[in-house]
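Within every chain, numbering begins at 1; the chains are lettered A, B, ... in the order of the sequence lines, protein sequences first and strands thereafter.
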2 protein chains.
Amino acid sequence: MVTSPPSEPAEPHRHNGLVDALVQCAFVTMAVLTKAGADNDLSLTQMRVLAILRDRRVRMTALADHLGLEKSTMTGLVDRAEKRGLLQRAPSAEDGRAVEVFLSPDGATLAERLYAHVGQALSPTTSTLVPIDQRRLQALLERMLEANTS
Amino acid sequence: MVTSPPSEPAEPHRHNGLVDALVQCAFVTMAVLTKAGADNDLSLTQMRVLAILRDRRVRMTALADHLGLEKSTMTGLVDRAEKRGLLQRAPSAEDGRAVEVFLSPDGATLAERLYAHVGQALSPTTSTLVPIDQRRLQALLERMLEANTS
DNA sequence: TATTGTTATACTCTATAACTATA
DNA sequence: TATAGTTATAGAGTATAACAATA
């Protein structure tokens, strides 16, 4: 198909260049995140848990909602991270049924290290743009995401 | 920590706004892709397999390399997709050890449907930008990614 | 009765190691 | 001997359903 006739375009399904660029960018970014996590024996989901708990103490259900996962899935994720000493569980003071989750000191340290690691790992990519274009890209992305968040 | 004193910024670790924007954008995009896949009972990885095979017939090892996975992982992925009738295996004509993988008609149809589905699912996000800014964003992303690919 | 979380179960995804067949 | 692929095995991530404890 590499030598397809001129009547058939080389990439017949490229309906929307921006969508393709976003998807490709997402895969590149995710690959960097995944690698950064793997270097610390963390899955993407475990990294997200650490990121969420960096400045919060939340209940199991809230954590599951944040991540779009089932409560039962959270039990396993938190079990494994707790066993590794990255986070802790404690009963809620307000609701006897609820359990609150928060980072341990080790978990907090790892979360900081990971954040710095990811920034460094992405810098070869971001720094291919000159600073002005970096700011333009950031502004466009933020505008696009902000409209979708609110 | 929500009511932290003014001496401590609300987001103490925001070293690089572009990195944060890229990561957030990647998660939003991946969520859309994952949802589009789940609607068709496909994992992200299975979707990537379909995307790769859309215009190619490749060997197991090449597929594993494309995805950054082990050969043995590919065996399982291809087994399940083949069992669902989405793709097929055939021995290589040139190398008796090699196996080539390619989309079945059903797989090709699904790949097209998925591609359109993803475009539609992302359009609420992309269309928050006016067309000129969409083109600017696309150009910036492509420039950034191209420098990293080549 | 409804909600919070866990347990039991099952399936997919992933890797490592050992194996078969071909080169 | 090296390479292509599969099998066996193990562990993580995920969901559904059933359950216990609390509200």
Side-chain angles (χ1 to χ4, degrees), chain A residues 27 30-31 33-53 57-102, chain B residues 27 30-31 33-53 57-102:
Chain A
F27 274 112
M30 281 302 174
L33 288 173
T34 301
K35 175 63 167 49
D39 290 345
N40 293 278
D41 276 296
L42 287 173
S43 71
L44 220 41
T45 307
Q46 296 278 18
M47 265 195 292
R48 294 182 74 185
V49 171
L50 295 193
I52 290 169
L53 296 180
R57 158 192 273 248
V58 301
R59 296 182 181 184
M60 295 293 287
T61 299
L63 211 42
D65 289 346
H66 268 297
L67 297 168
L69 300 172
E70 291 299 315
K71 305 176 295 178
S72 58
T73 302
M74 285 315 312
T75 299
L77 285 166
V78 169
D79 279 353
R80 288 184 287 273
E82 190 179 26
K83 204 166 297 178
R84 284 178 58 183
L86 299 179
L87 47 80
Q88 296 174 261
R89 273 188 253 232
S92 164
E94 299 93 34
D95 189 332
R97 301 166 299 179
V99 170
E100 289 176 351
V101 189
F102 52 96
Chain B
F27 274 112
M30 282 301 175
L33 288 172
T34 302
K35 175 65 167 49
D39 290 345
N40 293 279
D41 276 296
L42 287 174
S43 70
L44 219 42
T45 306
Q46 296 278 18
M47 266 195 291
R48 294 182 74 185
V49 171
L50 295 193
I52 290 169
L53 295 180
R57 158 193 275 248
V58 302
R59 296 184 182 183
M60 295 291 289
T61 299
L63 211 42
D65 289 347
H66 268 296
L67 297 167
L69 300 172
E70 291 299 314
K71 305 177 295 178
S72 59
T73 302
M74 285 315 311
T75 298
L77 286 165
V78 169
D79 278 353
R80 288 184 287 273
E82 190 178 26
K83 205 165 296 177
R84 286 178 56 182
L86 300 178
L87 47 80
Q88 296 174 262
R89 272 188 254 231
S92 164
E94 299 93 33
D95 189 331
R97 301 167 299 180
V99 171
E100 288 177 350
V101 189
F102 52 97

Trainee: With a 4.5 Å heavy-atom cut-off, do V101(B) and V49(B) have their side chains touching?
Mentor: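 Result no, sub-4.5 Å side-chain heavy-atom pair not found.
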
Trainee: Between side-chain atoms of residues 69-80 of chain B and protein atoms elsewhere (two or more places apart, or another chain), which donor-acceptor pairs fall under 3.5 Å?
Mentor:
from: T75(B); atom 1: OG1; to: K71(B); atom 2: O; distance (Å): 3.4
from: D79(B); atom 1: OD1; to: R89(B); atom 2: NH2; distance (Å): 2.1

Trainee: Looking only at heavy atoms, which two atoms of F27(B) and L33(A) are closest? And how far apart?
Mentor: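 So the two residues come closest at CE1-CD1, 3.9 Å.
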
Trainee: Nearest whole Å is fine: how far is dT14(D) C1' from M74(A) CE?
Mentor: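 After rounding, the gap between these two atoms is 12 Å.
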
Trainee: Compare every heavy atom of R84(A) with every heavy atom of L42(A), then report the nearest pair and how far apart it is.
Mentor: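 Of all heavy-atom pairs spanning L42(A) and R84(A), the closest is CD2-NH1, 3.6 Å.
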
Trainee: In whole Å, I'd like the distance from the CG atom of L44(B) to the C1' atom of dT14(D).
Mentor: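 To the nearest whole Å, that distance equals 14 Å.
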
Trainee: Measure from CD on Q46(A) to C1' on dT14(D) and round the result to the nearest Å.
Mentor: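 From Q46(A) CD to dT14(D) C1': 13 Å.
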
Trainee: Under 4.0 Å from OP1 or OP2 of dG5(C): is there any side-chain N or O of T75(A) that close?
Mentor: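 For dG5(C), neither OP1 nor OP2 has a side-chain N or O of T75(A) closer than 4.0 Å.
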
Trainee: Which nucleotides of nucleotides 14-23 of chain C have their base under 4.0 Å from a protein heavy atom (B), which only their sugar-phosphate (S), and which neither (-), written as one string 5' to 3'?
Mentor: SBBB---BBS

Trainee: CZ of R48(A) versus P of dA12(D): gap in Å, rounded?
Mentor: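 Checked: the CZ to P distance equals 20 Å.
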
Trainee: By a strict heavy-atom criterion of less than 4.0 Å, which residues belonging to residues 83-93 of chain A are in contact with DNA chain C?
Mentor: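 Nucleic-acid contacts, sorted: R89(A).
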
Trainee: Whole-Å distance between dT4(C) P and L63(A) CG?
Mentor: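 Checked: the CG to P distance equals 14 Å.
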
Trainee: Among all residues two or more places apart in sequence or in another chain, which pass the side chain to side chain contact (heavy atoms under 4.5 Å, CB included) test with A98(A)?
Mentor: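 Here the qualifying residues are R59(A), S92(A), D95(A).
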
Trainee: Write out all pairs satisfying side-chain hydrogen bond (donor to acceptor under 3.5 Å, both in side chains) with one or both partners inside residues 38-51 of chain B, taking only residues at least two apart or from two chains.
Mentor: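 Those involving residues 38-51 of chain B are K35(B)-D39(B), N40(B)-R113(B).
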
Trainee: Rounding to an integer number of Å, can you tell me how far E82(A) CD sits from dG5(C) P?
Mentor: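 Taking atom P of dG5(C) as the reference, CD of E82(A) is at 14 Å.
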
Trainee: Run the side chain to side chain contact (heavy atoms under 4.5 Å, CB included) test against A31(B) and tell me which residues pass, sequence neighbours left out.
Mentor: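 Testing A31(B) for side chain to side chain contact (heavy atoms under 4.5 Å, CB included), a comparison that skips the adjacent residues, returns none.
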
